[in-house]
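Only one structure is covered here, and it is reproduced in the block below.
Proteins come first, then strands; the chains are lettered A, B, ... in the order of their sequence lines, and each starts at number 1.
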Amino acid sequence: MAQKPSIPKGTRDFSPVETAKRNYIFDTVKSVFRKFGYQPIETPAMENLSTLLGKYGEEGDKLLFRILNSGDFLKKVTDEDCKKRDINKIALAISEKGLRYDLTVPFARFVVQHRNDISFPFKRYQIQPVWRADRPQKGRYREFYQCDVDVVGSDSLLNEVELIRIIDDVFRKLNVNVVIKLNNRKILSGIAQLIGEEERLTDITVAIDKLDKIGIENVYAELREKGLSEEAINNIEPFINLKGNNSEKLSCLKDLLGVTPDGNKGIEELETVLKYLKNLDLKAEVEIDQSLARGLNYYTGAIIEVKAQDVSIGSICGGGRYDNLTGIFGLPGVSGVGVSFGADRIYDVMTELNLFPKEVATSSKVLLVNFGENEAVHSLKVLNELQKNGISAELYPDNAKMKKQMKYADQKKIPFVILIGEKEMEEKKYTLKNMETGEQSRLSIEEILNFL
RNA sequence: GUGGUUGUAGCUCAGUUGGUUAGAGCACUGGAUUGUGGUUCCAGGGGUCGUGGGUUCGAGUCCCAUCUACCACCCCA
């Protein structure tokens, strides 16, 4: 033990208490997914790099964890490559697998590969860790869990509506107040069309996306920097300054964008989704946010992002519609829409707002104190009886001092202790102690079972 | 990947212009209490001062590098 052991940057251990809380989130999310008819799948932690590369943009490629080939991983590398320090070429030669970066791309691969076994529309959920070689920060880890729900093989906007209902249900159950922000990629491309800068769509959306973070002036500055003309920027202005409630925003957008085919379609889609939502009793606020873009460039329709109220931690859930994700794997014409819950961030939000129910951290309900070998034999029978009746119970394994055993129960927050010594064995009446109130009474096993 | 802040006991932190053997609280272990925890009292264990170099007669303290956590950018859950 010369050196303290450690874990890689941006990864974490979870204690029993933390794990219990995390499972509370996973269980809640899962129960909602199931309720809406989604089925679980799992995919491998690693994928072929050919599956992963190029799907998340240039930035995403950099953030992929790559797995070194086994054996002589240098066999495809020439001395010349090394001399030239051709990093990209060498990287491809020594590594052909990578850790998954999200769950959507592996899912697309899954759909294409198993297309003959799947009946569409296919509704699946997937809860697994993903890895990104990002620089860690608060709420930002290199290993974290995503809880994805997607439906592929259906163009209906009812799917978007369903996802919003799922989001509302999950956060209602978790007691987190959220705002669901909505936009449509087609509106963004409509804007680009309108100002005649269609090929700059990405630059424009990336800049607009930062609106609430860096302010209007800085957005303009960034657009200028990207080479947009003053005229174009002036034309964007009305969109950036869009204010009011959802219907006001919609009618403004209609006036401004109605002439562009994409813009028109996007507005129509948004309108339809909102119309469906109108009659539903959602707890979460649903808000059109024309500046919402989201980086992943495979989105083509609805864009959804969820932010927690009262905590600033970035988005805790996000997603959208992607019309042709499976196309890159050779299966065109399959549209999908899905969202991803960031379990780790939800955990941080709930911790900060103290939203975990007390009873989440569960251990045994009863501890049987160990008084020695003979007593332990008798205690085992009682223990078995308790467990047979569904009561989680444990017998202290060593004949340790009473103080130590009581302290153990106290620290593990075990609410009841049963003492079985000589007297108790004779009478078959055991001392049951309530650790919270300190009360204790002599009870038969039947009485104990009834009481607990 | 770029720039900044940080690190002393398991945890939270003191530690003087560089100067003997690095401290406190909490936690832990034992005792007061041989069948009673959470309160109290007493005692005890625990540190290569993140790591590696350097300056100095002398470094927890100053300099450099590196790692970690955090912050901003980039990007994102």
Side-chain angles (χ1 to χ4, degrees), chain A residues 1-12 15 25 29 56-64 87 100-104 127-148 202 205-207 209-210 213-214 218 222 292-297 304-308 312-319 338-349 367-372 375 396 399-425 430-440 442:
Chain A
M1 280 281 285
Q3 217 159 354
K4 279 185 189 167
S6 64
I7 56 176
K9 189 203 288 231
T11 64
R12 295 152 301 157
S15 69
I25 294 175
V29 167
Y56 311 103
E58 210 178 308
E59 199 66 33
D61 286 355
K62 280 191 214 155
L63 299 180
L64 283 172
I87 301 291
R100 70 164 104 76
Y101 178 90
D102 72 357
L103 300 178
T104 306
I127 299 178
Q128 290 190 279
V130 303
W131 294 269
R132 295 183 189 178
D134 208 352
R135 184 173 286 208
Q137 272 179 46
K138 194 177 192 67
R140 203 170 215 204
Y141 310 97
R142 285 184 151 184
E143 178 185 62
F144 61 97
Y145 271 75
Q146 289 190 331
C147 313
D148 269 33
T202 308
T205 54
V206 166
D209 192 40
K210 295 176 191 161
K213 213 170 175 183
I214 63 176
N218 290 320
E222 181 159 336
L292 180 63
R294 294 185 59 77
L296 296 173
N297 41 25
I304 302 167
E305 186 163 291
V306 180
K307 291 204 153 183
S312 64
I313 195 171
S315 71
I316 52 177
C317 175
V339 293
S340 177
F341 291 79
D344 299 87
R345 283 195 181 171
I346 294 171
Y347 179 95
D348 289 347
V349 168
L367 174 79
L368 307 200
V369 173
N370 186 330
F371 281 112
E375 290 87 343
Y396 197 88
N399 177 15
K401 281 189 184 137
M402 183 70 133
K403 177 173 171 157
K404 184 164 174 148
Q405 300 192 39
M406 295 300 280
K407 199 165 181 179
Y408 172 83
D410 189 47
Q411 289 185 330
K412 265 186 89 177
K413 301 214 159 45
I414 297 174
F416 294 98
V417 167
I418 292 177
L419 307 175
I420 303 176
E422 265 177 51
K423 282 172 282 177
E424 283 89 347
M425 288 198 293
Y430 313 115
T431 303
L432 178 74
K433 172 164 177 147
N434 180 325
M435 290 298 278
E436 209 176 317
T437 62
E439 287 171 274
Q440 52 188 64
R442 286 290 203 77

Under the salt bridge (Lys or Arg N to Asp or Glu O under 4.0 Å) test, which residues partner Arg12(A), sequence neighbours left out? Asp344(A)

Take atom CG of Asp134(A) and atom P of C76(B), then tell me their distance rounded to the nearest Å. 10 Å

Strand RNA chain B in bracket notation, Watson-Crick/G-U under 3.5 Å with | for pairs to another chain: (((((.(..((((.....[...)))).(((((.......))))).....(((((..]....)))))).)))))....

Assess whether side-chain contact (heavy atoms from CB on, under 4.5 Å) is satisfied between Met402(A) and Leu419(A), documenting all intermediate values. CA-CA 10 Å; Met402(A) 183 70 133; Leu419(A) 307 175; 3.8 Å; yes

Rounding to the closest angstrom, what is the interatomic distance between C11(B) and G53(B) at atom C1'? 31 Å

Is there aromatic stacking of Phe144(A) against A77(B), centre distance under 5.5 Å, plane angle under 30°? yes

I need the NZ-C1' distance between Lys401(A) and G30(B), as an integer number of Å. 7 Å

Tyr396(A) vs Tyr408(A) aromatic rings, parallel, tilted or perpendicular, using cut-offs 30° and 60°? perpendicular

Contact nearer the 5' end of RNA chain B, comparing Gly318(A) with Thr11(A): Thr11(A)

Would you measure the distance from the C1' atom in G46(B) across to the matching atom in G38(B) and give it in whole Å? 25 Å

How many Å lie between CZ on Arg12(A) and P on A77(B), as a whole number? 16 Å

Pairwise side-chain contact, Gln137(A) with Arg135(A), heavy-atom cut-off 4.5 Å (strictly under): no

Expressed in angstrom and rounded to an integer, what is the separation of Asp209(A) atom CG from A77(B) atom C1'? 14 Å

Can you see which heavy atom on Gly139(A) is nearest to which on Asp348(A), and at what distance? CA-OD2, 3.7 Å

Sugar-phosphate, base or nothing in reach of Gln137(A), heavy atoms under 4.0 Å: base

Hey, does Gly10(A) reach any base, or is it just sugar-phosphate, or nothing, if we go heavy atoms under 4.0 Å? sugar-phosphate

Suppose you measure atom P in A22(B) against the same atom in G60(B); what distance do you get, rounded to whole Å? 10 Å

Minimum heavy-atom distance Gly10(A)-Tyr141(A), with the two atoms named: O-CB, 3.5 Å

Separation between the C1' atoms of A27(B) and G45(B), rounded to whole Å: 13 Å

Quick tally for nucleotides 34-46 of chain B: nucleotides whose base has a protein heavy atom under 4.0 Å get B, sugar-phosphate-only ones S, the rest -, giving -BBBB--------

For Glu59(A) and U2(B), give me the distance from atom CD to atom C1', rounded to whole Å. 12 Å

With rounding to whole Å, what would you report as the distance between A72(B) and U12(B) at their C1' atoms? 27 Å

Measure CD/Glu305(A) against P/A77(B) and give the value in whole Å, please. 8 Å

How far, in whole Å, is U8(B) from G50(B) if one measures between their P atoms? 6 Å

For Ala343(A) and Ile25(A), work out which heavy atoms get closest and say how close. O-CD1, 4.0 Å

With C1' as the reference atom in both, quote the distance from A9(B) to A24(B) in angstrom, rounded to an integer. 11 Å

In whole angstroms, the gap separating C1' of A77(B) from NZ of Lys307(A) amounts to 12 Å

How do Arg142(A) and Pro136(A) order along RNA chain B: which one's closest nucleotide is nearer the 5' end? Pro136(A)

Under the side-chain contact (heavy atoms from CB on, under 4.5 Å) criterion, do Arg442(A) and Glu424(A) qualify, and how do the steps go? CA-CA 8 Å; Arg442(A) 286 290 203 77; Glu424(A) 283 89 347; 3.9 Å; yes

Say you pick atom C1' in G31(B) and the same atom in G19(B); how far apart are they, in whole Å? 40 Å

Which of Asp148(A), Leu103(A), Ile316(A), Asp102(A) passes side-chain contact (heavy atoms from CB on, under 4.5 Å) with Ser340(A)? It is Asp148(A)

Side-chain (Asp134(A)) to main-chain (Pro136(A)) donor-acceptor, under 3.5 angstrom: no

Which of the following nucleotides, C76(B), A69(B), U2(B), is nearest to the side chain of Arg135(A)? U2(B)

Less than 4.0 angstrom between a side-chain N/O of Lys9(A) and OP1 or OP2 of U68(B), yes or no? yes

Using a heavy-atom cut-off of 4.0 Å across all strands, would you classify Gly60(A) as base, sugar-phosphate, or nothing? nothing

Do the side chain of Arg142(A) and the main chain of Thr11(A) share a donor and acceptor less than 3.5 angstrom apart? no

Asp348(A) CG to C76(B) C1': how many Å, rounded? 15 Å

